[in-house]
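Side chains are part of it too, since the values below use all heavy atoms of this structure and drop only hydrogens, waters and symmetry mates. In what follows, chains carry the letters A, B, and so on, assigned in the order in which the sequence lines appear, proteins first and then strands, with residues in each chain numbered from 1.
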There are 2 protein chains.
Amino acid sequence: MAVSKAEIERRMERMAQTCRDGRLKLTHQRMEVFRELAGTEDHPDAETIYQHVRRRVPAISRDTIYRTLATLEEQGLIHKAEILSSRGRYDANMDHHHHFICTVCGRVHDFYSRTLDDLPIPRSVASFGRVESAQVQLRGICTSCAKTKE
Amino acid sequence: MAVSKAEIERRMERMAQTCRDGRLKLTHQRMEVFRELAGTEDHPDAETIYQHVRRRVPAISRDTIYRTLATLEEQGLIHKAEILSSRGRYDANMDHHHHFICTVCGRVHDFYSRTLDDLPIPRSVASFGRVESAQVQLRGICTSCAKTKE
DNA sequence: TTCCTGAATCGGAATGATTCTTGTTTAGAG
DNA sequence: CTCTAAACAAGAATCATTCCGATTCAGGAA
């Protein structure tokens, strides 16, 4: 909970504005889910958010948590990290490579780049721990999905 | 299936050697699961691998697929992509940032870097599709896990 | 302010991926 | 060839997530 009160308020205000713009109702539940995220730097998962928000909104359901997180993400108010889909993807290519992930079909393409293999890691990262690997993830729309879209 | 016969054989040989070194049995099932991955660039998920291997080994069980994939990953023979855990992680920090992920406890730390925000994307990626975002993922062991480890 | 309606919520059941359990098979050391 | 720990099969169990039918409520209109 290192996020300042002022920053939380700023985020809440932006969220309220985005909801009004998108004709989304400013429900109590929606605001409390967002407030929970606005006040933390922990990258919590849905269950953790549920447990915390429940203290303030005892009757809230898990379904609301999941639905709300998806909505907030669609609106660009929050980020969903790490996950492409919930399924693990495997790969026998052990050469150092990076990924292009199509956000529509989920397909993954490998690519190579000497420059990207040797990224300048900021010194500040050392305080988190010892870095063992680095990988670049690009997201976008693959050519075949782009075609079928029009 | 763009992987050459020779490359598949090379990978199979390495896998056999790694198994011998690690005193892992070279079972029919284990070899077929690895062969499936060695021959593709598709990043299939467990279910897809199961469906394919089943054609050659009809009695194989899903459990074996999952167990084998985990074993092969431990041995450094395959990669598991995209996934930290199977749970989505959320984040209200919409400033462009990157992640340090502890492979032991799964904790995620944000970090910032102007240089990393503006990565040189290889031209070849353009053939996959239009890139919309780029993010760096660092993996390693965080200081607190490193401490409790000794 | 009150009324109305579609959006949002609730609670529990359903789904789908993954893991566990129990009994059986088998690779490979001796 | 024998023996045994490792690996496997089958299906049950678990866990995250989504769906569904019934209910509530935000916020625009009167």
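For the pair A:Thr27 and A:Glu32, the minimum side-chain heavy-atom distance is 4.5 Å or more.
Cluster partners of A:Phe111, using a side-chain heavy-atom cutoff of under 4.5 Å among ILVMFWY residues and allowing indirect links, are A:Phe100, A:Leu116, A:Leu119, A:Ile121, A:Val125, A:Phe128, A:Val131, A:Val136, A:Leu138, B:Phe100, B:Phe111, B:Leu116, B:Leu119, B:Ile121, B:Val125, B:Phe128, B:Val131, B:Val136, B:Leu138.
The CD-P distance, from B:Glu74 to D:dA7, rounds to 10 Å in whole Å. Separating the CZ atom of A:Arg54 from the C1' atom of C:dT9 is a distance of 16 Å, rounded to the nearest angstrom. The CZ-C1' distance, from B:Arg62 to D:dT14, rounds to 16 Å in whole Å. Look at CD on A:Glu32: it is 17 Å from C1' on C:dC10, rounded to the nearest Å. If you measure from atom CD1 of B:Ile65 to atom C1' of D:dA9, you get 12 Å, rounded to the nearest angstrom. Rounded to an integer number of Å, the gap from CG of B:Leu26 to C1' of C:dA29 is 14 Å. Distance, B:Arg20 CZ to C:dA27 P: 15 Å, rounded to whole Å.
Distances shown here put every side-chain N or O of A:Gln29 at or beyond 4.0 Å from the OP1 or OP2 atom of D:dC25. One finds a side-chain N or O of A:Arg67 lying less than 4.0 angstrom from the OP1 or OP2 phosphate oxygen of C:dT9. Between D:dC8 and B:Thr27, a contact under 4.0 Å exists linking OP1 or OP2 to a side-chain N or O. Contact between the side-chain N/O atoms of B:Arg30 and the OP1/OP2 oxygens of D:dA7 is found at a separation under 4.0 Å. Between C:dT19 and B:Tyr66, no contact under 4.0 Å exists linking OP1 or OP2 to a side-chain N or O.
Counting any heavy atom pair closer than 4.0 Å across all strands shown, B:Arg23 reaches no nucleic acid atom.
Under 3.5 Å, the side chains of A:Asp45 and A:Thr48 contain a donor-acceptor pair of N or O atoms. Side-chain contact check for B:His99 and B:Asp110: at least one donor-acceptor pair (N or O, by modelled atom type) lies under 3.5 Å.
Within a 6.0 Å sphere centred on CZ of A:Arg56, other residues, nucleotides and ligands contribute more than 12 heavy atoms. By the neighbour-count criterion of 12 heavy atoms within 6.0 Å, atom CZ of B:Arg20 is densely surrounded, having more than that number from other residues, nucleotides or ligands.
Taken over five-pair windows at either terminus, the axes of the helix from C:dT1-D:dA30 to C:dG30-D:dC1 are inclined to one another by 30° (rounded to 10 degrees).
Listed nucleotides C:dC10, C:dA27, C:dT18 differ in distance to A:Ile60; the shortest reach to its side chain belongs to C:dC10. When distances are taken from the side chain of B:Lys25 to each of C:dC10, D:dA9, D:dA5, the shortest belongs to D:dA5.
Nearest approach of B:Arg54 to B:Ile60, heavy atoms of both residues: CA-CG2, 4.3 Å.
A residue-by-residue look at A:Ser61 and B:Leu24 shows that A:Ser61 has its nearest nucleotide of DNA chain C further toward the 5' end.
Put simply, the side chain of B:Asp63 and the base of D:dC8 share no donor and acceptor less than 3.5 Å apart.
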